[in-house]
Amino acid sequence: MFNNKSILITGGTGSFGHHFVKVILENFKPKKLVVFSRDELKQFEMEQIYHDPCMRYFLGDVRDEKRLTQAMRGIDYVIHAAALKQVPAAEYNPMECIKTNIHGAQNVIQAALANEVEKVIALSTDKAVNPINLYGATKLASDKLFIAANNIAGGHRTIFSVVRYGNVVGSRGSVLPHFKKLIKEGAQELPITDERMTRFWITLQEGVELVLKSFKRMHGGEIFVPKIPSVNIVDLAKSIAPNLKLKKIGIRPGEKLHEVLCTVDDARFVLEFDDHYTIQPSIKFSTPADYSLNKLGERGLPVDQEFEYHSGKNPHFLEMDELISSYKVTV
Ligand SMILES: NC(=O)c1ccc[n+]([C@@H]2O[C@H](COP(=O)([O-])OP(=O)(O)OC[C@H]3O[C@@H](n4cnc5c(N)ncnc54)[C@H](OP(=O)(O)O)[C@@H]3O)[C@@H](O)[C@H]2O)c1
């Protein structure tokens with residue numbers, strides 16, 4: 001599906017972007033693979049690693065619709081990964097987060113429509129579900145924009161879907177590199193927020209595979225949620241440094257004890273497939289789709305009306321050895 005196609009990824013120099021580019025170059029022969037982001041140094045460093053002739057490095061800001069429209073000329077598939085995603089930074093600089101995560105999302109939509117891009121997938125997070133911080137709220141608004149974009153696409157061929165998951169093992173600014181840094185600096189104890197805290201856990205490889213599959217599965221308008229395990233923060237700390245003491249520092253502003261990927265209120269829209277859930281759009285589109293049969297021919301069934309996909313109630317928690325191997329391959 002990606003051979004001889006032109007692909008653009010916003011935020012292509014980030015954790016997801018790096019791995020996405022690696023997987024695409026190892027498995028496909030795209031016509032063009034465009035990395036779109038702001039910082040020239042990150043692009044320069046990435047270019048030292050990935051310099052296949054199909055690669056294009058575009059400096060640009062998702063806040064700049066004109067630049068996005070230029071960059072998407074001749075593009076078939078777009079992955080929207082660019083975001084400001086540090087919870088405290090978003091609380092202190094709300095308008096900056098809104099401009100990148102919400103206005104940026106709308107600009108990606110407009111640029112994709114203007115260029116008759118075939119398919120667009122935007123990345124979302126569990127923090128967008130019942131959000132309690134601005135980062136999550138902006139990602140929720142972004143998700144809504146992408147889903148509703150299928151309606152404004154009338155007369156265009158472009159379809160839009162969202163892929164939503166939880167913590168990515170070892171991604172920039174996440175807990176794992178933080179713990180590793182503290183250990184390297186000789187820390188005598190590791191800070192943990194609350195011993196009850198749980199998180200959904202996904203590797204970059206799984207995240208990229210999910211996005212690639214979603215391109216094949218999508219009708220447009222769905223939110224794809226993978227079935228992934230949970231981890232407990234104490235297990236995580238113990239798996240990295242079994243002999244270090246843990247120091248409880250309390251939940252930080254904007255943090256939850258547990259995360260949710262599908263709420264009880266979503267249940268009536270959720271379909272269960274073998275390895276993922278699909279949240280159907282709550283709004284009606286002019287061209288309705290049968291979401292219970294995806295474009296790969298897989299069938300999904302409605303879930304129980306009490307269904308909630310909650311990191312603390314997840315039947316699948318990682319055992320210590322699984323946890324260790326999940327981050328050994330990543331960091
Ligand atoms: N990491 C996780 O645990 C996680 C979990 C769930 C969902 N997600 C979602 O997955 C996506 C990718 O996350 P990630 O971990 O790869 O993030 P990341 O490592 O922080 O990368 C973010 C990327 O976005 C670019 N960017 C930021 N602001 C931009 C702007 N205004 N215009 C253009 N590019 C911009 C950054 O490059 P420049 O700074 O050079 O512009 C960088 O390439 C995000 O949408 C995030 O919400 C992440």
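None of the values given here were measured: they were computed from a predicted structure. Each ligand, and each atom within it, is numbered from 1 in the order the structure gives.
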**Q** Atoms of ligand 1 less than 4.0 Å from F16 heavy atoms?
**A**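 Heavy-atom distances to F16 below 4.0 Å select 16 (O).
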
**Q** Which residue and atom name correspond to the protein heavy atom nearest atom 31 (N) of ligand 1, and how close is it?
**A**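 Going atom by atom, the protein heavy atom closest to atom 31 (N) of ligand 1 ends up being D61 OD1, 2.8 Å.
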
**Q** Tell me the closest heavy-atom pair linking G312 and F317, and the distance in Å.
**A**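 Answer, listing the atom of G312 first, then F317: O-CE1, 3.9 Å.
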
**Q** Could you check whether E185 pairs with K181 (Lys NZ or Arg NE/NH1/NH2 to Asp/Glu carboxylate O, under 4.0 Å)?
**A**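 Counted as a salt bridge, because a side-chain N and a carboxylate O are separated by less than 4.0 Å.
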
**Q** Which protein non-hydrogen atom lies closest to atom 26 (N) of ligand 1, naming both residue and atom, and how far is it?
**A**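 Here the closest protein heavy atom is A82 CB, 3.9 Å.
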
**Q** Between the side chains of T263 and D266, is a donor N or O closer than 3.5 angstrom to an acceptor N or O?
**A**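 Per modelled atom types, T263 and D266 side chains form a pair under 3.5 Å.
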
**Q** Report, in ascending order of atom number, the atoms of ligand 1 lying under 4.0 Å from any heavy atom of D39.
**A**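 Contacts of ligand 1 toward D39, numbered from 1: 38 (P), 40 (O), 41 (O).
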
**Q** For atom 21 (O) of ligand 1, find the nearest protein heavy atom and state the residue, atom name and distance (0.1 Å precision).
**A**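 So the nearest neighbour among protein heavy atoms is G14 CA, 3.2 Å.
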
**Q** Do the side chains of D275 and R217 get close enough for a salt bridge, i.e. N-O under 4.0 angstrom?
**A**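 Looking at D275 and R217, the cut-off is met.
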
**Q** I'd like to know whether E259 forms a side chain to side chain donor-acceptor pair (under 3.5 Å) with S311, so could you lay out the CA-CA distance, the side-chain angles of the two residues, the decisive distance to 0.1 Å, and finally the verdict.
**A** CA-CA 5 Å; E259 297 283 3; S311 65; over 6 Å; no

**Q** Looking at ligand 1, does S124 have a heavy atom less than 4.0 Å from it?
**A**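 Heavy atoms of S124 do come under 4.0 Å of ligand 1.
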
**Q** Note the single closest protein heavy atom to atom 5 (C) of ligand 1, along with its residue, its atom name and the distance in Å.
**A**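 Protein heavy atom at minimum distance: G166 O, 3.1 Å.
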
**Q** Any atom of ligand 1 sitting under 4.0 Å from a heavy atom of G60?
**A**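 Contact check G60 vs ligand 1: positive.
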
**Q** Quick test of your reading of the structure: of S15, G11, A128, whose heavy atom lies closest to atom 19 (O) of ligand 1?
**A**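 That would be S15.
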
**Q** With under 30° as parallel and over 60° as perpendicular, where do the rings of F307 and Y277 fit, or are they tilted in between?
**A**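 Plane angle between 30° and 60°, so tilted.
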
**Q** Establish, yes or no, whether a centroid distance under 6.0 Å links the rings of Y309 and F200.
**A**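 Close enough - the centres of the two rings lie under 6.0 Å apart.
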
**Q** Give every donor-acceptor pair under 3.5 Å between a side-chain atom in residues 4-13 and any protein atom, sequence neighbours left out.
**A**
from	atom 1	to	atom 2	distance (Å)
T10	OG1	H80	ND1	2.7
T10	OG1	A81	N	3.0
T10	OG1	A82	N	3.1
T13	OG1	S37	OG	3.4

**Q** Among protein heavy atoms, which lies nearest atom 12 (C) of ligand 1, and at what distance?
**A**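 Of the protein heavy atoms, A81 O, 3.2 Å lies nearest.
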
**Q** Taking a cutoff of less than 4.0 Å between a non-hydrogen atom of the residue and any ligand atom, is T10 in contact with ligand 1?
**A**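 In this structure, T10 fails to qualify as a contact of ligand 1 - no heavy atom is under 4.0 Å.
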
**Q** With the side chain counted from C-beta on, respond yes when V35 and M55 share a heavy-atom pair under 4.5 Å apart, and no when they do not.
**A**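 V35 reaches M55 side chain to side chain.
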
**Q** Among all protein heavy atoms, pick the one closest to atom 29 (C) of ligand 1 and tell me residue, atom and distance.
**A**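 Result for atom 29 (C) of ligand 1: R38 NE, 3.3 Å.
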
**Q** Which ligand 1 atoms, with their elements, are less than 4.0 angstrom from a heavy-atom of T100?
**A**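 Counting atoms of ligand 1 from 1, those under 4.0 Å from T100 are 28 (N), 31 (N).
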
**Q** Closer than 4.0 angstrom, basic N to acidic O: yes or no for E96 and R63?
**A**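 Salt bridge present between E96 and R63.
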
**Q** Within the protein, is there a heavy atom lying under 4.0 Å from atom 2 (C) of ligand 1?
**A**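 Under 4.0 Å from atom 2 (C) of ligand 1, at least one protein heavy atom found.
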
**Q** Could you tell me whether H80 approaches ligand 1 through its side chain, its backbone, both or neither, with non-hydrogen atoms closer than 4.0 Å?
**A**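 Near ligand 1, H80 shows nothing, with every heavy atom at 4.0 Å or more.
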
**Q** Under 4.0 Å, heavy-atom basis, I'd like to know which part of F20 is in contact with ligand 1: side chain, backbone, both or neither.
**A**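 Answer for F20: neither.
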
**Q** Looking only at distance, does F36 have an N or O less than 3.5 Å from an N or O of ligand 1?
**A**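 It does not: no N or O of F36 is found under 3.5 Å from an N or O of ligand 1.
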
**Q** Geometry only, no angles: is S171 polar-contacting ligand 1 at N/O separations under 3.5 Å?
**A**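 By distance alone, the answer is yes.
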
**Q** Can you pull out the closest protein heavy atom to atom 15 (O) of ligand 1? Residue, atom name and distance to 0.1 Å, please.
**A**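 Checked against all protein heavy atoms, atom 15 (O) of ligand 1 sits closest to K85 NZ, 2.7 Å.
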
**Q** Which atom pair, heavy atoms only, marks the closest approach of M197 to I251?
**A**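 Minimum heavy-atom separation between M197 and I251: CE-CG1, 4.2 Å.
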
**Q** Taking transitive links into account, so neighbours of neighbours count too, which hydrophobic residues share a cluster with Y135 at under 4.5 Å side-chain distance?
**A**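 ILVMFWY cluster around Y135 also holds V87.
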
**Q** Write out the residue and atom name of the closest protein heavy atom to atom 39 (O) of ligand 1, then the distance separating them to 0.1 Å.
**A**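 I find the closest protein heavy atom is K42 NZ, 2.7 Å.
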
